[in-house]
Amino acid sequence: YSPKLLTRLDLCGNNISTDGCRELAKVLQGVDATLKYLVLRNNKIDDGGVDILVDALQNNTSLTTFDLWGNDSISDQGRIMLLKLVNDISCISATLHSNHTLT
């Protein structure tokens, strides 16, 4: 299910964990996804939640801002999953040709 008019969603400080990430994944995946701005600051998202969100975002073309600041349970492994989502880090050439921007 993807709400047609939903473009911004701010869920800061809502104690979202892995279960919540499963539900959010439904909004993020699919060709009908319209969400452009998703803020999940200061929740309880860990590497398991990141894995679910990264999987849901593999084919998402609408999301431009994704903020996970303050989710202290995300380890370096989770950060690497996120980095691989936005940039193909298999080689320098592939990274340069990725169509995503990190800010």
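Residues take their numbers from the sequence shown, with the count starting at 1. Just so you know, these numbers come straight off a predicted model, no measurement behind them. The figures that follow rest on heavy atoms only: side chains count, while hydrogens, waters and symmetry mates do not.
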Could you check if a side-chain atom of [X] sits within less than 4.5 angstrom of a side-chain atom of [Y], using non-hydrogen atoms only?
X: L24; Y: L53; result: yes
X: M81; Y: L85; result: no
X: L82; Y: L68; result: yes
X: V39; Y: W69; result: no
X: T18; Y: I45; result: no
X: L28; Y: L38; result: yes

Exercise. Sequence neighbours excluded, which residues qualify as side-chain contact (heavy atoms from CB on, under 4.5 Å) partners of S75?
Worked result: D47, Q77

Seminar exercise, completed: N14 meets the side-chain contact (heavy atoms from CB on, under 4.5 Å) criterion, sequence neighbours left out, with L11, I16, N43

Problem set entry | I52-V54 co-clustered via ILVMFWY side chain contacts under 4.5 Å | no

For this session: Look at the side chain of T7 and the backbone N and O of K36, then say whether any donor-acceptor pair between them is shorter than 3.5 Å.
Result: no

Seminar exercise, completed: Sequence neighbours excluded, the answer for salt bridge (charged side-chain N to carboxylate O under 4.0 Å, His left out) partners of D67 is R41

Problem set entry | For the student: nearest non-hydrogen atoms of Y37 and L63, plus distance | N-CD1, 3.8 Å

